[in-house]
Each structure stands twice: as structure tokens, then as C-alpha cells.
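Read through the structure below, which is laid out as C-alpha cells, and then see the notes.
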Amino acid sequence: QVQLVESGGGLVQAGGSLRLSCAASGRTFSSYPLGWFRQAPGEEREFVAAISWSDDSTYYAESVTGRFTISRDNAKNTVYLQMNSLKPEDTAVYYCAASITPMVVAAKSYFGSWGQGTQVTVSS
């Protein structure tokens, strides 16, 4: 089992930036991707981005492509989500998650460990 702790959420104006962090511990996950999901009130949890630990492969939802960047620091067992040009529709609780398969599948059913979430609020 892997433990995940997110940080970095907050309140920002539209057009601003935030960087989320996800510190991972526990199970060796060198072959398994980590990802970010988000859930707005009354909405389903949706895929945002994911990164493979074994190479530099990254994956993004269409809604964030070009604005968000996922990266990792292997030495710190930490994954980051840099969010630029934020929009009010990016407002949600953001969750870090560990994949249960070595390949990225952009669906929450393929992620088995979840952090507690961090709130991101973008004001217009």
C-alpha cells in the first residue's frame, strides 16, 4: 500500500498559478504511474494528469493540456502539478492517486490509493 499526501491548494484569481505537491511513501512504485484527479461539487471525479515513474511519459486531460504540467522528483518521491492560467472551472478538490497497473489508464478505477485531497478555488 502506498500513502499519498497532497499539499499546495488554495485560493487564486483567474489567470493565476498554483503548484500542487504529492508526497508518496510505502510500497515501491517505481513501475507504477501517479496521477492527479479532481472533483467539483456535484460532479464525478475526473482524470487530470498522470506521469510514469519509469520514463518521462506524461498524460493530460484535454481540458488542462497546455496549462497544467505534471512532473516528479524521484529522490523526494514527490509528484507535482503546476497549474497555470487557472480558470474558475478548475475549482475542485484535487486528489493524488497511485495506479494499480504499470500503464496509465485515465480512469479512476485503475488507481488504487488516494490522498485526502486539497482544495483549489479559482475566483473570477
Side-chain angles (χ1 to χ4, degrees):
Q1 189 76 3
V2 60
Q3 290 77 46
L4 303 169
V5 179
E6 304 100 331
S7 61
L11 173 64
V12 64
Q13 289 187 330
S17 299
L18 281 174
R19 188 176 81 156
L20 306 183
S21 299
C22 173
S25 61
R27 180 197 80 188
T28 300
F29 46 73
S30 59
S31 299
Y32 290 74
L34 287 184
W36 288 95
F37 287 73
R38 66 186 182 186
Q39 188 167 16
E43 302 290 333
E44 291 288 322
R45 191 170 298 188
E46 65 175 4
F47 173 81
V48 175
I51 187 166
S52 170
W53 284 101
S54 59
D55 57 28
D56 290 332
S57 298
T58 56
Y59 309 82
Y60 297 96
E62 185 175 347
S63 59
V64 306
T65 298
R67 300 187 299 122
F68 291 11
T69 302
I70 189 170
S71 63
R72 69 180 192 271
D73 184 332
N74 290 349
K76 295 182 179 180
N77 291 340
T78 300
V79 173
Y80 303 98
L81 185 68
Q82 177 66 44
M83 306 185 295
N84 298 328
S85 302
L86 282 161
K87 305 175 181 180
E89 50 263 44
D90 294 317
T91 295
V93 177
Y94 283 70
Y95 297 90
C96 180
S99 175
I100 59 175
T101 71
M103 300 185 336
V104 171
V105 180
K108 59 181 185 290
S109 59
Y110 286 83
F111 288 77
S113 297
W114 296 83
Q116 82 287 353
T118 184
Q119 176 70 47
V120 171
T121 303
V122 184
S123 63
S124 58

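Residues take their numbers from the sequence shown, with the count starting at 1.
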Listed by chain and number, what are the side-chain contact (heavy atoms from CB on, under 4.5 Å) partners of Glu46, not counting sequence neighbours? Arg38
[X] with [Y], same ILVMFWY side-chain cluster at under 4.5 Å:
X: Val120; Y: Leu4; value: yes
X: Tyr59; Y: Ile51; value: no
X: Leu18; Y: Val122; value: yes
X: Leu20; Y: Val48; value: yes
X: Val2; Y: Leu81; value: yes

Is there a donor-acceptor contact under 3.5 Å from the side chain of Thr78 to the main chain of Asn74? no
Please check this pair: side chain of Glu6 against backbone of Gln116, looking for a donor-acceptor N/O pair closer than 3.5 Å.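 Checked: pair present.
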Partner set under side chain to side chain donor-acceptor pair (under 3.5 Å) for [X], not counting sequence neighbours:
X: Arg67; value: Asp90
X: Ser57; value: Asp55
X: Thr58; value: none
X: Asp73; value: none

Provide the closest heavy-atom pair for [X] versus [Y] in the form atom of the first, atom of the second, distance.
X: Leu86; Y: Met83; value: CD2-CB, 3.8 Å
X: Tyr60; Y: Ala49; value: CD2-CB, 3.7 Å
X: Leu34; Y: Ala24; value: CD1-CB, 4.3 Å
X: Pro88; Y: Ala14; value: CD-CB, 4.1 Å
X: Ser85; Y: Ser17; value: N-OG, 4.4 Å

What distance separates [X] [atom1] from [Y] [atom2], expressed to the nearest 0.5 Å?
X: Ser99; Y: Lys108; atom1: OG; atom2: NZ; value: 14.5 Å
X: Glu89; Y: Ser124; atom1: CD; atom2: OG; value: 10.0 Å
X: Leu11; Y: Gln119; atom1: CG; atom2: CD; value: 9.5 Å

So, do Tyr110 and Met103 sit near enough that their side-chain heavy atoms are less than 4.5 Å apart?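 When only atoms from C-beta onward are counted, Met103 and Tyr110 do not touch, as no gap falls below 4.5 Å.
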Heavy-atom check, side chain of Trp36 versus side chain of Val79, under 4.5 Å: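 When only atoms from C-beta onward are counted, Val79 and Trp36 do touch, with a gap below 4.5 Å.
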Geometric class of the Phe68/Tyr94 ring pair [parallel <30°, tilted 30-60°, perpendicular >60°]: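 Tilted, since the angle between the ring planes falls between 30° and 60°.
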Mind checking whether Phe37 and Phe47 have parallel, tilted or perpendicular rings, split at 30° and 60°? perpendicular
Could you check whether atom CD of Gln13 has more than 12 heavy atoms from other residues, nucleotides or ligands sitting under 6.0 Å from it?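 No, the 6.0 Å shell around CD holds no more than 12 heavy atoms from other groups.
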Report the hydrophobic cluster partners of Tyr80, with the cluster defined as I, L, V, M, F, W, Y residues connected by side-chain heavy atoms closer than 4.5 angstrom, directly or transitively. none
